[in-house]
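Just so we're on the same page: letters track the sequence lines, and every chain starts at 1.
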Protein chains: 2
Amino acid sequence: MGEATIRDVARRAEVSVASVSRALNGLDNVRAETREKVIKAANELGYVPHAGARSLSLARAHAIGVVLPDLHGEFFSECVRGMDREASRRGYLLLLSNMHDDSDQAAVALRTMRGRVDGLLVMAPHIAPETLEQAIPPALPSILLNSHADLPGRPALRFDNRAGAEAMVEHLVANGYRHIVHIAGPDGNLDAAQRAEGYLAVCARHHLPPRILPGNFNEEAGEAAARAILASTTRTDAVFAANDMMAIGCLHALRDAGTRVPEDIAVAGFDDVPLARYLSLSTVRVNIAEMGARAVARLIDLLEGKDMHRASEILTPELVMRATTAPRTASGNGAAHA
Amino acid sequence: MGEATIRDVARRAEVSVASVSRALNGLDNVRAETREKVIKAANELGYVPHAGARSLSLARAHAIGVVLPDLHGEFFSECVRGMDREASRRGYLLLLSNMHDDSDQAAVALRTMRGRVDGLLVMAPHIAPETLEQAIPPALPSILLNSHADLPGRPALRFDNRAGAEAMVEHLVANGYRHIVHIAGPDGNLDAAQRAEGYLAVCARHHLPPRILPGNFNEEAGEAAARAILASTTRTDAVFAANDMMAIGCLHALRDAGTRVPEDIAVAGFDDVPLARYLSLSTVRVNIAEMGARAVARLIDLLEGKDMHRASEILTPELVMRATTAPRTASGNGAAHA
DNA sequence: CCGCCCGCCGTAACCGGTTACATAACTCGC
DNA sequence: GCGAGTTATGTAACCGGTTACGGCGGGCGG
């Protein structure tokens, strides 16, 4: 029934369990002849070491826990992919658990990780830092992603959303757009709030009247915003959405209504999802896969005592200029609602 | 230093470890007063049970291992997302390990799972079944995804690629296309081979001359195929690519060359990646997230002894008709190379 | 020839939980 | 008042590995 254990191998090879362990783990204090006997027996029995038991006695699991919220779009995927790439490169496994917005559930998820992982990667922008502090098993090294605020002793990695948003709005201004509407992200979302901040800062800097429409990161919100813009009498020549999906929804709705992009209205997003490239959507690239990989790398360094600088890290997103925000020309002006 | 253990809690609550275990696990043979003492002590110590030790003694890890190849595009992501959704719904964690094409590495990945998971989900279309059979720890229940062939005792889940391809090609024929080219997937890829089969079957059924161009699932291959089609003297009025990315590459290249789609040449893909919708690309939907979820569901049923039908399962993909394969009209005929 | 060192190996403790079994206290029926 | 049954608890074995420690035999120097 059950698989062969190390004692079965020992019995068959006529040695002790200690020798089996030593032989299979490549220690050098085993006679070559003994090692061969062990390996032979192990092969015959199809023996595979029990990683759980191993990590219990070694107090090392060679696994890292990943707790992510219900990210929509490509976000979740890209993040996990980046993490997995780096983890498997360094011989670690990923233990995955996504938590829904409920913070109790998050606590449970975090607790069930203890004893199976060596460290934790936590992305929980919507959970209060002190709640998080409570929920993370204290002795578990961990890195926070996109967190609200730093936690003592836990390095964080985050994107500079505000700088990214500023860069994009500055780009719009530089290309001749003056009546820029922002489609916001959901309330309470930190990334969204910071992006809005960046937008407002640039508006203030150039004395442009800010205008913010509500949104929730979904495509439909972008469509709704487009309808609102078209129905409104306020003049609009550019839209900066808090993420790409809303920008895409907006783009489609505008074009369906016969509006030319960018001649009549420019559109920009945030994230640089793969789709953006195909739609020639200008956006701000947050390389989420790289962030995942970076987080894993830092966590492993930390676990293996190789981390010199235990500070938080801020990644600057990159402006990606494409056709939907091309410089304004004489041919395309004033077409949108006066 | 180390976290509190159950013995620390026992000491502090002045009871035995057995009582602590019973109290915290909600067994009913504990006096209420004792339970309270235990819970109090546990809280004071910030005790979190060691899941590794727990699963060792229970012989149950409440985790399932997932081994995926380096899937490109949205594939990997969607698959993991579907799995995670279902797993977390049922209280399981996912242990992730992607394996590169190397089969030795795959074996290692599979072995390190033993003892930390209760079952395995393996997607390894490129690995020979017998090699796989060797590599999977025998007593570990597992489900194969998109596998080449069934393994005894291991249910498999796969898409009926052939039926999907047939449906699409029939759809093209029904819409008036007669000179249909197929852009193939990479050699040795099972999905690709089955899709080509479906294409050939329909061609034979309608006495259409088949024509297959090489491809590798990448966008560039689609572009190359488009160039080949445009340069060729053979008449072509539709392209059926073995996956969406090639179809998209082809679509772009055709349009860049001034070819109208679908008036001059229709284009169809396979997979229904999110992009396809935006490009109005007709395709065959393989709901990979659902497959992942389904696989998890079945594996857990199997683990918990709830699986009645232990047979393999074949999921039928769904035809998604969009603008790039609209019915042929009088206006758009004969434009492509005579 | 004796003592020491060294290489190889086995015994048993340990990692942190669960749980079978023993025990003790207490009730109940006669 | 005493045996049987019930309930709450403690002791220790066990899950499957790793490894500290001690034993044993052989080579070597004195």
**Asked** To the nearest angstrom, how far is B:R11 atom CZ from D:dG10 atom P?
**Response** 14 Å

**Request:** Give a yes/no on whether any side-chain N or O of A:S21 is located under 4.0 angstrom from OP1 or OP2 of D:dG17.
**Result:** no

**Message:** Quick check for you: among C:dC8, C:dT18, D:dG17, whose closest atom lies nearest to any side-chain atom of B:R114?
**Reply:** D:dG17

**Asked** Out of C:dC8, C:dA20, C:dT11, which nucleotide sits closest to the side chain of A:T34?
**Response** C:dC8

**Prompt:** Between D:dT9 and B:N29, is there an OP1 or OP2 to side-chain N/O distance shorter than 4.0 Å?
**Reply:** no

**Request:** Check whether the side chains of B:S55 and B:R60 place a donor and an acceptor atom closer than 3.5 Å, and report yes or no.
**Result:** no

**Message:** Under 4.0 Å, counting only non-hydrogen atoms across every strand here, what does A:T5 touch: a base, just sugar-phosphate, or nothing?
**Reply:** sugar-phosphate

**Fill in**
In whole angstroms, the gap separating P of D:dG16 from CZ of A:R22 amounts to 21 Å

**Item:** Between D:dG26 (P) and A:R31 (CZ): distance, integer Å
**Value:** 12 Å

**Complete:** By nearest-heavy-atom nucleotide on DNA chain C, the more 5' of A:R7 and A:V30 is A:V30

**Prompt:** Rounded to whole angstroms, how far apart are CG on A:L27 and C1' on C:dC9?
**Reply:** 13 Å

**Request:** Report which part of the nucleic acid A:L56 touches: base, sugar-phosphate, or nothing (heavy-atom distance under 4.0 Å, all strands).
**Result:** base

**Message:** By the definition side-chain contact (heavy atoms from CB on, under 4.5 Å), identify the one residue from A:L302, A:L151, A:I136 that meets it with A:S142.
**Reply:** A:I136

**Request:** Respond yes when some side-chain nitrogen or oxygen of A:R54 is under 4.0 Å from OP1 or OP2 of D:dT18, and no when none is.
**Result:** yes

**Message:** So B:V17, base contact, sugar-phosphate only, or nothing? Heavy-atom distance under 4.0 Å.
**Reply:** base

**Message:** Can you confirm whether A:H62 sits close enough to A:R54 that some side-chain heavy atom of one is under 4.5 Å from a side-chain heavy atom of the other?
**Reply:** no

**Message:** For a quick check of understanding: with a heavy-atom distance under 4.0 Å over all strands, which category does B:A18 fall into, base, sugar-phosphate or nothing?
**Reply:** base

**Message:** Once rounded to the nearest 0.5 Å, what's the spacing between atom CG of B:D160 and atom CG of B:L315?
**Reply:** 9.5 Å

**Fill in**
Between CZ of B:R60 and C1' of C:dT19 the distance, given in whole Å, is 17 Å

**Sugar-phosphate only, base, or nothing, as touched by B:S19 at under 4.0 Å among non-hydrogen atoms** = sugar-phosphate

**Spacing of B:H50 atom NE2 relative to D:dG17 atom C1', expressed in whole Å** = 13 Å

**Request:** Provide, to the nearest angstrom, the distance between the CD1 atom belonging to A:I6 and the P atom belonging to C:dA12.
**Result:** 17 Å

**Request:** Check A:R35 against A:D28 and note the closest heavy-atom contact, atom names and distance.
**Result:** NH2-CA, 4.2 Å

**Request:** Measure from CD on A:E14 to C1' on C:dC9 and round the result to the nearest Å.
**Result:** 15 Å

